[in-house]
Structures are given as C-alpha cells and as structure tokens.
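Residue numbers start from 1 in every chain, and the chains themselves are labelled A, B, ... in the order their sequence lines are given, proteins ahead of strands. Only heavy atoms go into these numbers, but all of them, side chains included; no hydrogens, no water, no symmetry mates. All figures in this text were calculated on a predicted structure; none of them were measured in a lab.
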2 protein chains.
Amino acid sequence: MTVKSAPRPRIRDAEATQARILAAAKKEFAKSGLAGARVDVIAERAKANKRMIYHYFNSKEDLFQRVLEDAYVDIRTAEQKLDLDRLEPREALERLVRFTWDYYLKNPEFLTLVNSANLHKARHLKKSQTIEQVSRRFVGMVGALLDRGEKSGDFRAGIDPVQLNITIAAIGYYYFTNRFSGSIIFQRDLMTPAALEERLRFNVETILRLVCKTEPPAGK
Amino acid sequence: MTVKSAPRPRIRDAEATQARILAAAKKEFAKSGLAGARVDVIAERAKANKRMIYHYFNSKEDLFQRVLEDAYVDIRTAEQKLDLDRLEPREALERLVRFTWDYYLKNPEFLTLVNSANLHKARHLKKSQTIEQVSRRFVGMVGALLDRGEKSGDFRAGIDPVQLNITIAAIGYYYFTNRFSGSIIFQRDLMTPAALEERLRFNVETILRLVCKTEPPAGK
DNA sequence: TAAAGAAGTAACTAGATGGTGCAATAAAGC
DNA sequence: GCTTTATTGCACCATCTAGTTACTTCTTTA
C-alpha cells in the first residue's frame with residue numbers, strides 16, 4: 001500500500017520539533033529580549049504547541065539559556081574554521097577582523113542575545129559548562145597569532161590577546177547594536193553598502209595600526 | 001501659628017515628585033529593560049503613587065522616552081564642558097577618550113538604556129527633537145578637533161570624525177556592557193581597578209595610534 | 001475665607017502571560 | 001498484534017500588569 005522507498009515525513013519528530021522551537025525562540029528572544037519575548041509567539045512561530053516548549057526545555061529561562069549556548073557555540077565554531085595558522089600574521093589578523101565584522105552583519109540576533117544575557121548579568125552563561133569550553137579555545141587562537149606575529153617581526157611585542165580580542169569585537173559590535181541610535185545621532189544611514197564598506201575599512205586600519213610595527217601599506 | 005521663616009518641607013511638590021519618578025524610572029529601566037521594567041516598582045521606589053506616573057508622564061513608553069532623552073542630554077552636556085579647544089590636539093583627543101571611558105564607568109545605566117532603545121529600533125529617539133539638537137553639536141566637536149590636529153601636523157589627514165567618534169565610544173562601551181559575559185569568556189574579572197586601568201591605557205593607545213602621525217611616546 | 005485647582009491615594013479592571021493536567025495518538029519494542 | 005513509551009493538543013489556571021475610576025487632601029489666590 002504505502003510506498004516506503006522515500007520515507008514519508010514523520011508526523012512525530014522530536015528532533016525536528018526541538019529544532020523549530022529553538023529557531024523560533026532565537027528569533028523571538030533576539031527581537032524582544034528575555035522579558036519581552038512571548039512563549040506563545042515562540043510556539044506559534046515554531047508551529048509547535050506551547051506544551052512542547054515546556055516538555056523539551058522546561059521553562060522560558062532554560063530555553064533562553066539554551067538559545068544563548070547554541071549561539072556562542074556557533075560563532076566560536078565558525079572562528080575555529082578560519083585556519084589562521086596557515087596565513088601570514090598580518091593577513092591572519094585582517095581576516096579575523098573581517099570575519100568578526102561579517103559574522104555580526106549576518107547574525108544580528110547574536111548581538112541582541114548577548115545584550116540580553118548581559119542585562120541579566122550573564123547568569124545564563126555562568127550556569128553553562130559548554131560556554132567555557134569553546135571560549136578557552138578561542139582565546140588561545142588570538143594568543144597564538146600574536147606570538148607568531150611577534151616572532152616574525154610583524155607585530156609589536158607585549159600585546160595582550162584579551163585586550164585585542166575585545167577591541168576587535170568592540171569596533172564591530174558597537175556599530176551594529178547601536179545602528180539605530182547611531183543613524184539618528186550621526187544623521188546618516190549606517191547600514192548602506194557604502195557605509196558598511198567604509199566602516200570595515202576603518203576597522204581593519206584601526207587594528208593593523210594598533211598591532212603592526214610598520215604602517216599598513218598606504219591605501220589601495 | 002506656623003513659623004513660616006524656614007519654609008517647612010512641602011508635602012506636595014510636583015517638581016520633586018517628577019524628579020523622584022524620573023530617577024526611579026531610570027534605575028528600573030536600566031536594570032530590567034523596557035519590557036522587564038515594572039511601573040509598580042518605579043512608583044514604589046519613587047515613593048509616589050502609581051497614578052502620579054500616568055498623571056505626569058502619560059504612559060510607560062512615554063516615561064521611557066523621557067528617561068532616554070534626559071540621559072542623552074546629560075552625557076552630551078558633560079562632553080561640551082570638556083573644553084577641548086583649549087588643549088593641544090593630542091591632549092584633547094586623549095582627554096576625550098578618558099572622559100568617555102569615565103562617563104560609562106560612572107553611569108552604567110546609560111549603557112543599558114541605549115541598548116534598550118536600540119532593541120526597539122530607537123523608535124523612542126526618533127520621536128525626540130531634543131536628541132537631534134544635542135547630537136549635532138557633539139559631532140561638530142570632534143570634527144573641529146580633527147581639523148585642528150591635522151593643521152598642526154599632529155593628526156593624519158582625512159579621518160572621518162563620525163568613524164572616530166564611533167570607535168572611541170565602541171572600545172569603552174563594549175567593554176562595559178559586556179562585562180558580565182566578558183568576565184566569563186576571558187576568565188578574568190574585568191572590573192577590578194587593575195583591569196580597568198589596563199583597559200583604559202590600551203584604549204588611549206588604540207586611538208592615538210589610529211589618529212596621530214608619529215607614535216605615541218613609549219609608555220612609562 | 002471660600003472657591004478652584006493641583007497633588008495625591010486606594011481599590012479596581014480587563015487582558016495578558018508563564019506554566020499545567022490530562023487525555024489522545026503515533027511510534028517503537030516485544 | 002499488543003503493550004509501552006514518547007510526542008502532541010486542548011483547555012485551563014493563578015498571577016501579574018499597565019492603566020483607570022472615583023475620591024480625598026492640600027495649596028493657592030481672588
């Protein structure tokens with residue numbers, strides 16, 4: 001009777017349901033924050049029953065924590081794939097700056113999720129073991145790059161990898177999270193392709209000037 | 001009967017009540033965001049009746065907008081008092097970086113308020129005429145400084161004041177708003193006096209290297 | 001000093017909101 | 001097939017929350 005060759009879509013699929021809930025939750029939390037997010041909206045957007053959310057994730061807070069964890073794992077995983085070791089130090093550094101920028105641009109939810117986490121004093125991160133693991137590797141990466149560049153004579157000595165990491169993140173992060181207020185205060189649209197390109201160039205220059213011994217080659 | 005020479009504290013004082021409400025609202029909005037803030041909490045903390053909030057400020061949203069406006073006016077006013085014109089360009093630039101840092105450090109509510117505003121796409125700022133006024137003056141200030149430094153030969157030519165402004169804000173702002181997640185990810189307390197001092201030094205160096213022609217004097 | 005208006009209070013409402021109890025149904029194991 | 005277990009849906013609740021109604025009390029001023 002039923003053709004089984006192509007397995008028909010499962011009517012009950014725990015994994016798929018959980019994935020839909022997580023995706024919907026990410027969107028909703030990113031859009032409205034933890035307090036502003038509505039569980040009913042998440043359920044509706046996930047095409048799941050609200051009951052499922054509590055079945056799989058226990059509570060709104062736990063769901064938020066899970067969303068946050070997944071978001072951190074995602075960016076850290078992407079960073080690891082950069083393979084900075086295989087590039088010249090200067091190139092590797094520039095690549096990291098560009099990657100960070102692009103990630104924020106393409107994943108704006110990440111920014112608001114982190115903001116929400118910090119509004120709650122990051123108590124959702126403290127609980128998480130996953131976060132610590134991925135973070136450690138990440139911090140090591142820039143440290144190794146700085147060492148390499150120092151030895152090759154490209155980079156100045158004694159730069160703290162944590163400070164550099166923070167700065168690279170900051171100059172992109174701030175631009176994007178505050179893009180709305182920024183566009184008003186500075187009276188220009190910060191999100192046009194031209195504006196984005198200009199900012200990225202400025203950021204690369206900022207970091208190269210900070211880290212490199214000699215000046216970056218005068219513009220293209 | 002009643003001695004009127006020393007006017008006894010007024011039992012009814014519209015201005016004082018409004019001020020108390022605004023102060024309480026600032027705290028509550030900064031702590032919990034727009035959605036998370038509770039009007040009842042604001043009323044209680046202001047030692048005012050909830051009805052008064054609606055009497056003076058019409059709605060929760062309007063109150064939020066007012067708090068935001070006041071916060072922007074406060075920082076922009078403080079910046080104007082810096083009197084950068086009277087300093088050497090390099091000194092003036094360093095002063096601006098240090099001021100921005102100190103302001104964020106001493107007014108952490110400002111950061112979360114701005115974050116909340118941006119979570120809501122800054123629609124509370126768009127409505128406000130006050131913001132535009134104070135913003136314009138502020139942007140001009142750094143522009144004038146850059147011009148002056150360029151002419152004196154201290155600064156590189158062609159630096160966009162808006163990009164510089166954003167960068168100066170970013171390297172402090174990011175550090176503070178994400179201090180909770182940062183302390184976990186980087187596995188060090190970012191708020192100890194030593195950590196704060198180190199970061200400020202790093203920030204000054206970042207900006208001087210970005211803007212100045214010659215290297216900043218090799219550290220002490 | 002009387003009238004008018006401003007400042008303040010308590011109790012209340014209508015609608016939302018996170019979270020549940022319980023039964024129904026599909027899938028997996030025997 | 002038949003039992004067991006995991007997945008899902010519906011209806012419901014207790015509580016919270018922004019905003020309001022109706023009223024009292026203080027202050028000013030004519």
Margin query: Treating primed atoms plus P, OP1 and OP2 as sugar-phosphate and everything else as base, which nucleotides of nucleotides 6-13 of chain D get B, S or - for protein heavy atoms under 4.0 Å?
Written below: BBBBB---
Checklist line | For A/H124 against A/L34, the heavy-atom pair lying closest together | finding: CE1-CD2, 3.7 Å
Checklist line | Interatomic distance where CG belongs to B/N58 and P belongs to D/dA18 [whole Å] | finding: 15 Å
Notebook entry, point to check: A/A37 near the nucleic acid: base, sugar-phosphate alone, or nothing, with a heavy-atom cut-off under 4.0 Å?
Noted result: sugar-phosphate
Checklist line | Rounded distance (Å) that lies between atom P of C/dC12 and atom OH of B/Y54 | finding: 19 Å
Margin query: Using the rule side-chain contact (heavy atoms from CB on, under 4.5 Å), only one of A/D62, A/D70, A/L68 pairs with A/R66; which is it?
Written below: A/D70
Next item on the list: Take atom CD of A/E44 and atom C1' of C/dG18, then tell me their distance rounded to the nearest Å.
Entry: 16 Å
Note to self: Once rounded to the nearest 0.5 Å, what's the spacing between atom NZ of B/K50 and atom CZ of B/R38?
What the structure shows: 11.0 Å
Check: Is it true that a side-chain atom of A/R51 and a backbone atom of A/A48 form a donor plus acceptor pair closer than 3.5 Å?
Finding: no
Next item on the list: Write down the atom of B/K60, the atom of B/Y54, and the distance for their closest heavy-atom approach.
Entry: N-CE2, 4.3 Å
Check: So what does A/A16 touch, heavy atoms closer than 4.0 Å: a base, only the sugar-phosphate, or nothing?
Finding: nothing
Notebook entry, point to check: For the pair made of CD in A/E61 and P in C/dT17, what is the distance, rounded to whole Å?
Noted result: 17 Å
Note to self: Can you measure A/K60 atom NZ to D/dT15 atom C1' for me and round it to whole angstrom units?
What the structure shows: 14 Å
Item checked: Aromatic plane relationship, A/F110 with A/Y104 - under 30° parallel, 30 to 60° tilted, over 60° perpendicular -> parallel
Check: According to a strict under-4.0 Å criterion, is A/R38 in side-chain N/O contact with OP1 or OP2 of C/dG18?
Finding: yes
Checklist line | Between C/dT20 (C1') and A/F57 (CZ): distance, integer Å | finding: 18 Å
Next item on the list: Using whole Å, report how far CD1 of B/I21 lies from P of C/dT9.
Entry: 10 Å
